[in-house]
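One structure is given below, encoded as structure tokens.
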Amino acid sequence: MNDKITQAIEQVCKQLFDSDVVVALERPDEQFGDVATNVAMQLAGTLGENPRQIAEKIAAGLRETVADMVDEITVAGPGFLNIRLSDQELWKATQHSPLQKYAGQKIVAEYSDPNPFKILHAGHIFTTVIGDAIAKLLELAGAEVHRVNFGGDVGLHVAKTMYIVLQQFDGENPTKLADIPEEKRSEWIADAYVKGHAAYLDDEAAKAAIIELNKCVYQLHADDDHDSPFAQIYWTCRQWSYEAFDVFYERLGTKIEKYYPESETTELGMEAVTKHIGDVFEKSEGAIIFRGEKYGLHNRVFINQQGLPTYETKDVGLILKKYQDYHFDRSVVITGNEQEQYMGVVLKAIEQFLPKLAQATTYIPHGMLKLTGGVKMSSRLGNIVRANDVLDITAEALRESGHKPEDYMLLAAIKYAFLKVRLGRDLVYDPKESVALEGNSGPVILYARARARSILKKAAAAVDTSNNTALEANERSLLRKITEYTEATNKAIEELMPHNICTYLYELAQDFNRFYEHNRVLGDPREAVRLRLVASYADTLQAGLQLLNITASDEI
RNA sequence: GCGCCCGUAGCUCAGCGGAUUAGAGCACUGGUCUUCGGAACCAGGUGUCGCAAGUUCGAAUCUUGCCGGGCGCACCA
């Protein structure tokens, strides 16, 4: 619909002024019309004419070419061109056709990134929900999306965990693994990490032992060792971590199709970095570094003094590995913004020897998750808020408000709360507010949808889809709001920011509530048309919720 | 010290260059309705849009400086 109007305006401008302006349509205040454009003001500069006069000329031309689609075309203010569509065109506009910005593209979306040998913390649930919503947006825009994550199965944190495990097992005794009950595995690993981390900080001997273990873990991978007692413990613990991730993702309603462990990216990374010592990387104090300061960035170590790859090199390997596996058109990487500058350095380094891969990468940083009261959650400290804690405090909030903490409601509350603020901002999470039955919350949207579905179920009349019934002003107003879904999703796609969807859904629900309060549907002479409105409204809410990966229910 | 991000009503946030009064929700106050799911609707009012300059016909929105907060700055991830 908008395409036709846009084309018509461009055509008229071409005919009248021989101008090739690109027309951008906006959504004006309702009193002015359904769509508007400021082309006349743009043209005024180049043509040296009064923008209002230009607008009048364009309006006259348009009245000829799009007469069948519009009710009224007016000129207002400094030269805005306002167009009021016909009812039929508005109905057509409820058939949403999202911007196909990524049509036919294969996109690898990396997010969540939990580390095996550690526990999932609150930040992971946040980043996973955000990553999921972005993946959904990419799919809506026509992409084939592959969801992957990246986690450290080698490195100091692994050595810290293994140090305590070995202590508890009285050495390399894999048979002791059987003593750990299945349901206690992730807690047990988490606990070992926390203790290992503390030992590393407090105890010099432990620190030395952990550094040694770190090398052992790298060696284990180099040797492809699956048989030694040490290796058996290592691989089993890694597997247990991955199983815990599977459970977590399933509960959140997502599926990560591939877990990239760092161990599988080190070789490719080392190869690439080593190959470019001299032209891209350089030696410094016994390490191999990238001199980011040449580009206004930080210098970073890629291979440390012991000859081991740092995270930087593993990330270089990761992008190569992803490309080997998928031959993607675009790689989207989503992480917390504390890594933003780090990422800048890695991408700049990659740009030096693989410019195409760097250009095909979209990095999306998001903010930090905080609890009400401003408590920040750290992944390094032992006293962290765990991912499950977030689910638990939300369940508790539901109970306190007198509701069953069913998962669909729990997740709707959490996901919506996480997604409703502009991407990039820190989020202050208030579980009470997230489950609130009023205000801009997930449960409110769920309820709004359930209510609309209930009306439709009770309806006796057939829905009037004829376009023969002229709409009343308040009906038309609601319909207009429903058609805005397309703009909301397009904006979300364009910016890759899901909060646009939340903002819109809430506005829509508010508008509907107002309409519904003052207009009867069932039993009213206008029931048939109004049912069509209610159905369209319910469908729109449903589409929006799906985009946010929120599951709705008809019975609440 | 340098760099990146952020600063909008008491609180949580939209708005991120255009239509002379900057919007929601929460909280607070009053009202409507024997309610198609009342988890509703209506009314009531607060803001030097951190501060100051600049660009523009026009700035919460762009630029610069300052103030305040968060994060990052070499062998952790």
Side-chain angles (χ1 to χ4, degrees), chain A residues 26 28-29 31-32 36 38 41 76-80 82 113 115 118 150-152 155-158 160 197 200 214 262 284-293 296-312 314-315 335-342 344-345 365 367-368 370 372 374 376 379-380 401 403 417 420-422 424-430 432-433 436-441 443-444 446-448 450-459 495 499-500 502-504 506-507 510 513-524 527 530-531 534 555-556:
Chain A
E26 305 167 24
D29 266 12
Q31 51 173 315
F32 299 115
N38 62 358
M41 277 115 94
F80 287 97
N82 294 319
D113 295 351
N115 285 323
K118 285 174 82 169
F150 184 43
L156 263 188
H157 69 280
V158 179
K160 288 171 184 170
H197 181 67
Y200 183 86
N214 190 23
E262 282 181 14
S284 173
E285 295 171 35
I288 305 301
I289 70 159
F290 177 70
R291 205 163 280 285
E293 65 189 17
L297 306 170
H298 298 143
N299 295 342
R300 305 221 47 138
V301 172
F302 278 64
I303 301 175
N304 69 21
Q305 287 171 341
Q306 287 126 48
L308 295 177
T310 60
Y311 191 52
E312 286 78 344
K314 294 166 190 168
D315 246 329
T335 79
N337 57 18
E338 83 275 5
Q339 293 194 40
E340 191 168 2
Q341 288 175 90
Y342 156 82
V345 177
M368 296 285 117
K370 298 171 179 177
T372 25
K376 197 210 153 197
S379 62
R380 299 289 159 71
S401 64
H403 295 83
K420 76 175 182 179
V421 302
R422 191 182 178 84
R425 288 184 67 127
D426 287 351
L427 181 91
V428 181
Y429 181 63
D430 181 347
K432 276 200 184 107
E433 198 185 294
L437 310 165
E438 53 196 1
N440 190 3
S441 79
V444 163
L446 245 47
Y447 178 75
R451 194 185 192 192
R453 300 277 303 158
S454 163
I455 296 162
L456 294 169
K457 270 184 211 157
K458 283 190 189 165
E495 301 177 339
H499 81 285
N500 290 297
C502 297
T503 305
Y504 167 75
Y506 184 55
E507 283 173 12
Q510 279 186 120
N513 281 342
R514 275 181 206 122
F515 171 83
Y516 192 60
E517 185 69 19
H518 303 293
N519 300 277
R520 215 174 154 87
V521 175
L522 299 184
D524 190 272
E527 175 170 346
R530 289 180 178 173
L531 281 175
V534 175
E555 277 141 41
I556 292 179

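Chain letters run A, B, ... following the sequence lines, proteins first, then strands; residues in each count from 1.
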Subject >> Complement of B/U56, any strand, by Watson-Crick or G-U distances under 3.5 angstrom >> reply: none

Subject >> Non-hydrogen atoms of A/H499 and A/V421 that approach each other most closely >> reply: CB-O, 3.4 Å

**OP:** Considering only atom P, compute the distance from B/G3 to B/G45 and round it to an integer number of Å.
**Re:** 46 Å

Subject >> pair A/I556-A/H403: side-chain heavy atoms closer than 4.5 Å >> reply: no

Subject >> Separation of atom CZ in A/R451 from atom P in B/U35, rounded to whole Å >> reply: 13 Å

Original post:
For A/E438, which contact category applies under a 4.0 Å heavy-atom criterion: base, sugar-phosphate, or nothing?
Top reply: sugar-phosphate

Original post:
Distance between the P atoms of B/C42 and B/C6, in whole angstroms?
Top reply: 35 Å

Subject >> Nearest heavy-atom neighbours spanning A/A436 and A/S441 >> reply: O-OG, 2.7 Å

**OP:** Under the side-chain contact (heavy atoms from CB on, under 4.5 Å) rule, what do A/V158 and A/N214 come out as? Steps first, then yes or no, please.
**Re:** CA-CA 7 Å; A/V158 179; A/N214 190 23; 6.0 Å; no

Original post:
Taking any strand in view, what nucleotide pairs with B/C66 in a Watson-Crick or G-U wobble way, both distances under 3.5 Å?
Top reply: B/G50

Original post:
Considering only B/C36, B/A77, B/A74, which nucleotide approaches the side chain of A/R520 most closely?
Top reply: B/C36

**OP:** Return the value, rounded to whole Å, for the distance between atom OH of A/Y200 and atom C1' of B/A77.
**Re:** 12 Å

Original post:
Taking only residues two or more places apart in sequence or in another chain, which ones pass salt bridge (Lys or Arg N to Asp or Glu O under 4.0 Å) with A/E433?
Top reply: A/K420

**OP:** Kindly point out which of B/G25, B/A74, B/A27 is positioned nearest to the side chain of A/V301?
**Re:** B/A74

Original post:
Whole-Å distance between B/A39 P and A/H403 NE2?
Top reply: 9 Å

Original post:
To the side chain of A/A36, which of B/A74, B/A19, B/A77 is closest?
Top reply: B/A19

Subject >> A/Q339 or A/F515, whichever maps to the more 5' nucleotide of RNA chain B >> reply: A/F515

Original post:
Would you say the side chain of A/F302 lies within less than 4.5 Å of the side chain of A/E312, judging by non-hydrogen atoms?
Top reply: yes

Subject >> Base partner of B/U61, which must satisfy Watson-Crick or wobble distances under 3.5 Å >> reply: none

Original post:
Has the side chain of A/S284 got a donor or acceptor atom sitting under 3.5 Å from an opposite partner on the base of B/A74?
Top reply: yes

Original post:
So what does A/N115 hit on the nucleic acid, given a heavy-atom distance under 4.0 Å: a base, only sugar-phosphate, or nothing?
Top reply: sugar-phosphate

**OP:** Kindly give the heavy-atom pair with the smallest separation between A/V345 and A/H298, and that separation in Å.
**Re:** CG2-O, 3.6 Å

Original post:
Quick one: which of B/A39, B/A77, B/G25 gets closest to the side chain of A/I556?
Top reply: B/A39

Subject >> Parallel, tilted or perpendicular: ring planes of A/Y311 versus A/Y342, cut at 30 and 60 degrees >> reply: parallel

Original post:
With both distances under 3.5 Å as the test, what is the Watson-Crick or G-U wobble partner of B/A19?
Top reply: none

Original post:
In terms of side-chain heavy atoms of A/L522, which of B/C36, B/A77, B/A24 is nearest?
Top reply: B/C36

**OP:** State which of B/G72, B/A77, B/A74 makes the closest approach to the side chain of A/E285.
**Re:** B/A74

**OP:** Grab the OH-C1' distance between A/Y311 and B/A77 for me, whole Å please.
**Re:** 6 Å

**OP:** Could you tell me whether A/N214 contacts a base, only the sugar-phosphate backbone, or nothing, with contacts defined as non-hydrogen atoms closer than 4.0 Å?
**Re:** nothing

Subject >> Strand partner of B/U34, provided both Watson-Crick or wobble distances fall under 3.5 Å >> reply: none

**OP:** Send over the distance from A/K370 NZ to B/C71 C1', rounded to a whole Å.
**Re:** 10 Å

Original post:
What distance, rounded to whole Å, do you find between the two C1' atoms, one in B/U48 and one in B/A40?
Top reply: 38 Å

Original post:
Which whole-number value in Å describes the distance from A/K118 NZ to B/A77 P?
Top reply: 10 Å

Original post:
Which parts of nucleotides 3-15 of chain B does protein reach within less than 4.0 Å, heavy atoms only, written one letter per nucleotide 5' to 3' as B for base, S for sugar-phosphate only and - for none?
Top reply: BS--S----SSSS

Subject >> Between B/A22 and B/U35 - P atom distance, rounded Å >> reply: 40 Å

Original post:
What is the nucleic acid contact for A/A450, judged by heavy atoms within less than 4.0 Å: base, sugar-phosphate only, or nothing?
Top reply: base

Subject >> Partner nucleotide, any strand, of B/A43 [Watson-Crick/G-U, under 3.5 Å] >> reply: B/U29

Original post:
Can you tell me how far C1' of B/A24 sits from CG of A/N513, to the nearest Å?
Top reply: 14 Å

Subject >> Main-chain N/O of A/G152 paired to A/H157 side chain as donor or acceptor, under 3.5 Å >> reply: yes

**OP:** Have a look at A/Y506 and say if it touches a base, only the backbone sugar-phosphate, or nothing, with a 4.0 Å heavy-atom cut-off.
**Re:** sugar-phosphate

Subject >> Minimum heavy-atom distance A/A36-A/N82, with the two atoms named >> reply: CB-OD1, 3.3 Å

**OP:** Could you pull out the closest heavy-atom pair between A/T310 and A/V301, with the gap in Å?
**Re:** OG1-O, 2.7 Å

**OP:** If B/C71 has a Watson-Crick or G-U wobble mate with both distances under 3.5 Å, name it; if not, just say none.
**Re:** B/G3

Subject >> Nearest-Å distance once atom P is located in both B/U46 and B/A53 >> reply: 26 Å

Please list, pair by pair, any protein nitrogen or oxygen found under 3.5 Å from a nitrogen or oxygen in nucleotides 42-45 of chain B.
{"from": "B/C42", "atom 1": "OP1", "to": "A/R514", "atom 2": "NE", "distance (Å)": "3.2"}

Original post:
Does OP1 or OP2 of B/G25 have a side-chain N or O of A/Q510 closer than 4.0 Å?
Top reply: yes

**OP:** Over all heavy atoms of both residues, which pair between A/A417 and A/L427 is shortest? Give the atoms and the distance, please.
**Re:** O-CD1, 3.4 Å

Subject >> A/L456 and A/V534, any side-chain heavy atoms less than 4.5 Å apart >> reply: yes

**OP:** Figure out the CD/P separation between A/E527 and B/C36, and round it to whole Å.
**Re:** 14 Å

**OP:** Using heavy atoms to find the nearest nucleotide of RNA chain B for A/P443 and A/N82 separately, return the residue whose nucleotide is more 5′.
**Re:** A/N82

Subject >> B/C76 - base-pair partner by Watson-Crick or wobble geometry, distances under 3.5 Å >> reply: none

